[in-house]
Amino acid sequence: MPKEGFVTSITHQSENFPEWYNDVVLKAELADYSPVRGCMIIRPYGYAIWESMQAELDRLIKATGHSNVYFPLFVPKSLLEKEAEHVEGFNPQVAWVTHAGGKALDEWLAIRPTSEAIIADSVKDWIQSYRDLPLLMNLWNNVVRWELRTRLFLRTTEFLWQEAHTFHATEEEAADEVATGLECYRTVAEDWLGIPVIKGRKTDSEKFPGAEYTWTIETMMRDRKALQGGTSHMLGQNFARAAGIEFLDRDNIRKNPYGTSWGFTTRMVGATAMVHGDDSGLVLPPNVAPIQVVIVPIFRKDEEQAAVAEAIDRFCAMLAGTPEGKAVRVKVDWRDDSPGFKYNHWELRGVPFRLEIGPRDVAAGQGMLVKRVDRSKEAVPLDRLAAELPDRLRAYQVELFKRAVDFRAANTHAVDTYQQFKDGLDAEGGFFMAPWCGDAKCERQVNADTGATIRCIPFDSPAETGKCLVCGDSSERRVLFARAY
RNA sequence: CGGGGUGUGGCCUAGCGGCAAGGCACGUGCUUUGGGAGCACGAGAUCGUGGGUUCGAAUCCCACCGCCCCGACCA
């Protein structure tokens, strides 16, 4: 039940999960609606979360040998149309610039829905020899896809992302690159956002338009629905051939290079909210939390305030005494509001730890430390806390990840018959590992009957003979079915 | 794009042909502060937009737009 009459009350997850999500995003001030249909404004707190995962991913991308670059927002129509499957897949979602400078343009410009086409065209002169390969590039930018139905962070008409684009001399090298990209995403999702992922391959009907195959990380939200995290695509020679990229190989033969592309978006801000959040609001993993510890001073009289302030200053100085402690993001909330108000305010925003310091604590040289995720309270001597805080934040990060792993495990079911699958899906949803023959017809049938899709063919799904849920033909392994965002 | 819902100060809602109202939030002052404090004063509204009906429209009619939910499509 939302609390009546209080402006920041939020819908309970069990009542209406999508509404809960909206409440949290808006009221925790992650984002707001914009005057432009389907687009969003990312507010400071939400942008800080994005910047955190962005910085970590950027570090990983650079550590694996990629360089950041920039390509234009506009893609000439003729370039976008070079790769047949690509244009067919993206056409319904492309926004076009048809007029500029007060005149109709001779050639329409697409606002990039993704940059494969313009990059392939641009790099064809850069690649002459196998010595020019691999070419490992990454862009941080915005793209536009005209979506029919939008949701804050999860699907917006314009979104921010990273798109890596690489070119390789051999297919093997490109295949390794697809894995490298996906591993960057796994690392950010699991180690930084505390979101467990299932790595796998998309079915042909779910792969990127223009790709040979697509790898994905799939995640489970707290309403048990699936959300696709990052995807990594093997483009084969498709775009290179379409753009006419050729290089002279060691064997003195002209060849088309093999391409890959992989992307990770602001959607993951929404995922972070939906994986960890609860009825009080966000629950942020310390690594991405813009504020990791909020200190709430408590006092009545001026003398008490002075004593509390002094204790807080001393604590902050102690904390800053070590490099690790200095890196802890602390905020002291001196606003002229009641403590209870502040508790709710920061809980809504998912701050991992709250430290209450009042006159009684000052007298005892301690503080009341409250953990956001379970609201557990503990009186801790301030000098000890200053020393332990980095470790406690690390432990909190691990705890959130483990909690998410356990939740996913508890809601993942192996099913062998269509009836079991449908019953489970209707009962409470979740992930369903089930045999599938590999035929797109059966895949479509499941979607038509239940709304669920094959999220991926998990890499760690062992070979196991079975009978396809739908048609009963033989199946070699279980695949992951779920309803998805 | 189909079905349903909704739109009244920043937020939540009342009003449902006759002077736009209340709560929260906001500002000032005083008092307060260990789980959403109190009092006083104050500021803030083209009632989503455009047409129509009417002496008179937030209210009735039509159209459009936004947002939410459910579907189809998608990072």
Side-chain angles (χ1 to χ4, degrees), chain A residues 2-11 15-19 21-23 26-27 32-40 89-94 113-114 142-163 185 202 205-206 208-209 214 216-219 226-233 261-271 280 296-302 304-305 308 333-348 354-362 367-368 370 375 377 379 444 447-448 450-451 453 483-485:
Chain A
K3 287 182 194 170
E4 294 296 329
F6 191 71
V7 71
T8 49
S9 68
I10 57 177
T11 307
E15 247 178 89
N16 186 336
F17 194 85
E19 228 166 89
Y21 174 75
N22 253 307
D23 283 351
L26 295 172
K27 289 170 178 168
D32 210 342
Y33 293 108
S34 78
V36 184
R37 176 199 150 78
C39 294
M40 70 187 291
F90 273 108
N91 233 348
Q93 288 189 279
V94 174
T114 178
N142 57 339
V143 292
V144 167
R145 298 183 186 176
W146 217 253
E147 298 288 351
L148 297 178
R149 183 172 161 201
T150 57
R151 297 160 78 74
L152 294 166
F153 286 110
L154 303 181
R155 179 167 301 102
T156 45
T157 299
E158 177 191 21
F159 58 89
L160 306 184
W161 75 343
Q162 154 279 125
E163 45 174 328
Y185 296 159
K202 284 287 183 187
S205 49
E206 299 269 338
F208 178 79
T214 291
T216 179
I217 53 172
E218 293 291 324
T219 63
L227 183 77
Q228 177 176 309
T231 44
S232 185
H233 316 292
S261 67
W262 27 289
F264 181 100
T265 79
T266 34
R267 159 180 279 189
M268 293 306 281
V269 176
S280 299
V296 178
I298 291 156
F299 54 88
R300 284 166 199 276
K301 300 170 226 139
D302 289 351
E304 288 177 346
Q305 177 172 1
V308 165
D333 188 354
W334 279 112
R335 289 178 302 170
D336 190 23
D337 288 301
S338 72
F341 178 89
K342 293 174 185 173
Y343 300 166
N344 285 282
H345 179 90
W346 295 113
E347 282 176 9
L348 174 62
R354 174 175 80 237
L355 181 61
E356 304 169 17
I357 300 181
R360 295 201 296 269
D361 300 310
V362 172
M368 288 298 303
V370 183
R375 274 211 188 77
K377 285 195 187 189
R444 275 197 302 274
N447 185 236
T450 68
T453 48
R483 291 205 177 103
Y485 277 96

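All values derive from a computational prediction rather than experimental measurement.
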Practice task
Applying side-chain contact (heavy atoms from CB on, under 4.5 Å), run through A/Glu158 and A/Val36 and close with a yes or a no.
Solution key: CA-CA 10 Å; A/Glu158 177 191 21; A/Val36 184; over 6 Å; no
Problem - Pair A/Thr216-A/Tyr185, side-chain contact (heavy atoms from CB on, under 4.5 Å): steps then yes or no - result: CA-CA 9 Å; A/Thr216 179; A/Tyr185 296 159; over 6 Å; no
Practice task
Check step by step if side-chain contact (heavy atoms from CB on, under 4.5 Å) holds for A/Tyr21 and A/Leu154.
Solution key: CA-CA 10 Å; A/Tyr21 174 75; A/Leu154 303 181; 3.7 Å; yes
Handout entry: Evaluation steps, side-chain contact (heavy atoms from CB on, under 4.5 Å), between A/Arg354 and A/Val296
Key = CA-CA 7 Å; A/Arg354 174 175 80 237; A/Val296 178; 4.0 Å; yes
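No contact: A/Arg483 has no heavy atom under 4.0 Å from any strand. Nucleic acid contact class of A/Glu147 (heavy atoms, under 4.0 Å, all strands): base. Using a 4.0 Å heavy-atom cutoff across all strands shown, A/Gln93 reaches sugar-phosphate atoms only and no base atom. Here A/Met368 lies in heavy-atom contact (under 4.0 Å) with a base. Among the atoms of the strands shown, none is found under 4.0 Å from any heavy atom of A/Gly263. In this structure, A/Pro297 reaches neither bases nor backbone, as no heavy-atom distance under 4.0 Å exists between it and the strands shown. Residue A/Leu227 is classed as having no contact, given no heavy-atom separation below 4.0 Å to the nucleic acid. Heavy atoms of A/Gly229 sit under 4.0 angstrom from primed sugar atoms or phosphate atoms, though from no base atom. Among the atoms of the strands shown, base atoms are found under 4.0 Å from some heavy atom of A/Lys377. Using a 4.0 Å heavy-atom cutoff across all strands shown, A/Thr231 reaches no nucleic acid atom at all.
For the C1' atoms, the distance linking B/A57 with B/C19 amounts to 14 Å, nearest Å. B/G42 and B/G56 have their P atoms separated by 36 Å, given to the nearest Å. Using atom P as the reference point in both B/U8 and B/G48, the two lie 6 Å apart (nearest Å). Separating the C1' atom of B/U54 from that of B/G17 is a span of 9 Å, rounded to the nearest Å. Distance noted for atom P between B/G10 and B/U46: 7 Å (whole Å). Between B/U59 and B/U53, the two P atoms lie 15 Å apart (nearest whole Å). Between the C1' atoms of B/A58 and B/G7, the separation comes to 11 Å (whole Å). Nucleotides B/G66 and B/G50 place their C1' atoms 15 Å apart, quoted to the nearest Å.
Counting only Watson-Crick or G-U wobble pairs whose defining distances are both under 3.5 Å, the stems of 3 or more consecutive pairs in RNA chain B are B:1-7 with B:65-71, B:10-13 with B:21-24, B:26-30 with B:38-42, B:48-52 with B:60-64.
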Practice task
Classify every nucleotide of nucleotides 64-70 of chain B by which part a protein heavy atom approaches to under 4.0 Å, writing B for the base, S for the sugar-phosphate alone and - for neither, in 5'-to-3' order.
Solution key: --SSSSS
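Between A/Glu158 atom CD and B/A75 atom P there is a gap of 17 Å when expressed in whole angstrom units. Rounded to a whole Å, the CZ atom of A/Arg335 is 12 Å from the P atom of B/A37. The separation between A/Phe341 atom CZ and B/C26 atom C1' is 12 Å, rounded to whole Å. Protein atom CG of A/Asp333 is 16 Å distant from nucleotide atom P of B/G36, rounded to whole Å. Taking atom NE2 of A/His345 as the reference point, atom P of B/G36 lies 16 Å away to the nearest angstrom. What separates CZ of A/Phe299 from P of B/G34 is a distance of 10 Å, to the nearest Å. Between A/Asp336 atom CG and B/G38 atom C1' the separation is 13 Å, expressed in whole Å. The NZ atom of A/Lys301 sits 14 Å away from the C1' atom of B/G34 (whole-angstrom rounding).
Between the base of B/G36 and the side chain of A/Asp337 there is no donor-acceptor pair shorter than 3.5 Å. At a cut-off of 3.5 angstrom, counting only N and O atoms as typed in the model, there is a donor on one side and an acceptor on the other between the side-chain of A/Glu347 and the base of B/G35.
Looking at residues two or more places apart in sequence or on another chain, you find a salt bridge (Lys or Arg N to Asp or Glu O under 4.0 Å) between A/Asp333 and A/Arg335. Judged as a ring-ring contact (aromatic ring centres under 6.0 Å, His included), and not counting sequence neighbours, A/Trp146 has no contacts. For the side chain to side chain contact (heavy atoms under 4.5 Å, CB included) test, residues two or more places apart in sequence or in another chain that qualify with A/Arg149 are A/Arg151.
At least one test fails for A/Arg267 against the ring of A/Phe159: distance under 6.0 Å to the centre or angle within 45° of the axis.
In this structure, the separation between CZ on A/Phe299 and CD1 on A/Ile357 is 12.5 Å, given to the nearest 0.5 Å. In this structure, CH2 on A/Trp262 lies 14.5 Å from CZ on A/Phe208, to the nearest 0.5 angstrom. Between A/Lys342 atom NZ and A/His345 atom NE2 the span is 10.0 Å, to the nearest 0.5 Å.
When all heavy atoms of A/Val94 and A/Pro113 are compared, the closest pair comes out as CG2-CG, 4.0 Å. The minimum heavy-atom distance between A/Trp161 and A/Gly263, with the atom names listed, is CE3-CA, 4.2 Å. Nearest heavy-atom pair, A/Leu152 versus A/Thr156, reported as atom, atom and distance to 0.1 Å: CA-CG2, 4.3 Å.
Look at A/Ser338 and you'll find a side-chain N or O under 4.0 angstrom from OP1 or OP2 of B/A37.
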Restricting to nitrogen or oxygen on both sides, can you table the protein-nucleotides 40-47 of chain B pairs closer than 3.5 Å?
none

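The listed nucleotides are B/A75, B/G36, B/A72; the one nearest the side chain of A/Asn344 is B/G36. For A/Leu148, taking side-chain heavy atoms from C-beta onward, the closest of the listed nucleotides B/A75, B/A37, B/A72 is B/A72.
RNA chain B is contacted by both A/Val370 and A/Thr265; A/Val370 maps to the nucleotide lying nearer its 5′ end (nearest heavy atom per residue).
A donor and an acceptor atom, one from each side chain of A/Ser280 and A/Arg375, are located under 3.5 Å apart.
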